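For reference, the structure is listed below as structure tokens.
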2 protein chains.
Amino acid sequence: MKIGELGRVTGTPVETIRYYEREGLLAAQARTEGNFRIYDASHVERLSFIRHCRSLDMALDEVRILLRFKDAPGENCGDVNTLLDAHIGHVAARIRELRALERQLRSLRERCHDARDAAHCGILNELSQPPRQGASNEGGHVHGVHGGARARNAGK
Amino acid sequence: MKIGELGRVTGTPVETIRYYEREGLLAAQARTEGNFRIYDASHVERLSFIRHCRSLDMALDEVRILLRFKDAPGENCGDVNTLLDAHIGHVAARIRELRALERQLRSLRERCHDARDAAHCGILNELSQPPRQGASNEGGHVHGVHGGARARNAGK
DNA sequence: CTTGACTCTGTAGTGACTACAGATTGTTAA
DNA sequence: TTAACAATCTGTAGTCACTACAGAGTCAAG
């Protein structure tokens with residue numbers, strides 16, 4: 001199969017597949033005479049693996065590690081558990097952080113119920129004060145609030 | 001005051017201040033003879049405002065909108081409330097999404113309690129299956145799991 | 001007068017894609 | 001046969017909010 005079909009089967013944009021190849025995650029060994037990439041069932045499985053990991057918000061570096069375990073079937077998989085536990089920890093930490101953030105935002109919102117002139121807006125005035133320190137996500141690798149789980153919106 | 005002091009006072013890296021200037025958020029009107037930027041108390045307040053907004057994970061485009069309200073004190077501030085409500089909505093949506101993600105990760109983790117060889121690892125096998133569809137964060141602007149609230153780690 | 005701290009401009013890197021431009025290859029209809 | 005069109009190719013630039021330099025200039029203290 002060619003790249004377009006692989007994309008359709010796995011729900012992955014074609015350009016993302018080529019990006020994974022540049023990143024060394026998924027290489028097509030063969031090409032047609034006309035230089036088109038050729039894939040088979042093993043590529044479908046490998047790409048599904050990658051996309052599943054990404055849908056679980058793992059970084060590509062984490063996926064790379066998991067792929068190494070897949071490629072070495074005799075190895076002990078204890079480190080897989082370790083990696084997953086760490087990832088769960090990061091997600092849990094980010095949830096705690098966002099909950100604190102939500103509380104701060106709601107208390108800020110309390111300061112201005114009615115629309116009036118901006119000069120007396122409690123929200124704008126409060127924002128001019130330095131922020132109080134909150135959770136700071138020291139060791140983790142968890143994103144800010146903007147952006148989103150793009151992997152799943154691929155088709156639209 | 002010069003850029004270093006402004007950075008110290010507001011807890012902002014110097015290069016970030018220059019970045020905000022390039023982005024049109026905070027301009028130093030004056031320079032010294034030696035071409036150094038000069039700031040005063042109004043800049044401290046404006047930068048504090050920006051940093052406070054960022055510590056609440058607002059995008060710079062959102063901050064830009066709020067700054068416009070600050071710069072037009074006679075205007076009605078109803079849209080400030082609207083913006084903040086939308087932002088709270090995005091944060092809440094991201095929390096829901098991450099909670100669903102955490103459940104999926106914990107159920108995945110259940111599949112392999114003991115370290116054994118990777119060929120029979122329940123986690124690796126499960127990941128090779130296509131993901132089930134979950135929350136997808138359609139309209140929002142909320143990030144993935146990696147990265148983090150960098151604004152607060154500025155000093156280290 | 002030299003050392004060192006500070007500042008300047010400009011450019012490149014981050015992560016995980018996304019979006020082109022411009023060329024080539026393959027498929028189908030007239 | 002030819003023309004249109006879809007699919008693919010390579011390569012580069014853009015996204016966001018910074019961060020990290022390089023290389024040059026400015027300034028205060030010893």
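Quick caveat, the model's predicted, so the values are computed rather than measured. Note on naming: letters A, B, ... go to the chains in the order of the sequence lines (proteins, then strands), and numbering restarts at 1 for each one. For the numbers below, each heavy atom of this structure counts, side chains included, while hydrogens, waters and symmetry mates do not.
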- [ ] Would you please test B:Y20 and B:R51 for side-chain hydrogen bond (donor to acceptor under 3.5 Å, both in side chains) and show each step?
- [x] CA-CA 11 Å; B:Y20 289 160; B:R51 297 300 276 177; 2.9 Å; yes
Separation of [X] atom [atom1] from [N] atom [atom2], in whole Å?
| X | N | atom1 | atom2 | answer |
| --- | --- | --- | --- | --- |
| A:Y39 | D:dT8 | OH | C1' | 11 Å |
| A:E23 | C:dT14 | CD | C1' | 12 Å |
| A:Y19 | D:dC9 | OH | P | 18 Å |
| A:N35 | C:dG22 | CG | P | 21 Å |
| A:M58 | C:dC17 | CE | P | 14 Å |
| A:D61 | C:dT14 | CG | P | 11 Å |
| A:I50 | C:dC17 | CD1 | C1' | 14 Å |
| A:R22 | C:dC17 | CZ | C1' | 9 Å |

TODO: Verify salt bridge (charged side-chain N to carboxylate O under 4.0 Å, His left out) between B:E102 and B:R106, making sure each step is shown before the conclusion.
DONE: CA-CA 6 Å; B:E102 191 184 11; B:R106 289 197 193 281; 2.7 Å; yes
With a cut-off of less than 4.0 Å, is there a side-chain N or O of [X] near OP1 or OP2 of [N]?
| X | N | result |
| --- | --- | --- |
| A:R37 | D:dA7 | no |
| B:R31 | C:dT7 | no |
| B:T16 | D:dA17 | no |
| A:R51 | C:dC17 | yes |
| A:Y20 | C:dC17 | yes |

Open item on the list: For A:E21 and B:R64, find the nucleotide of DNA chain D closest to each by heavy atoms; which residue's nucleotide sits nearer the 5' end?
Closed with: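 Nearer the 5' end of the strand: A:E21.
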Proximity to the side chain of [X] - top-ranked nucleotide from [options]:
| X | options | value |
| --- | --- | --- |
| B:I3 | D:dT8, C:dC8, D:dC18 | C:dC8 |
| A:R54 | D:dA17, C:dC17, D:dT8 | C:dC17 |
| B:F36 | D:dG25, D:dA7, C:dA16 | D:dG25 |

Task: Considering all heavy atoms, the nearest B:I88-A:L105 contact - done: CG1-CB, 3.6 Å
- [ ] Might you point out which heavy atoms bring B:V14 and B:G4 nearest each other, and give the distance in Å?
- [x] CG2-CA, 4.0 Å
Open item on the list: Taking atom types as they are modelled, would you say the side chain of A:E15 forms a donor-acceptor pair with the base of C:dC20 within the 3.5 Å cutoff?
Closed with: yes
Task: Salt bridge flag under 4.0 Å for residues B:R94 and B:E97 - done: yes
TODO: For A:R18 and for A:E33, locate the closest nucleotide of DNA chain C by heavy-atom distance; then report the residue assigned to the nucleotide nearer the 5' terminus.
DONE: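 Nearest nucleotide further toward 5': that of A:R18.
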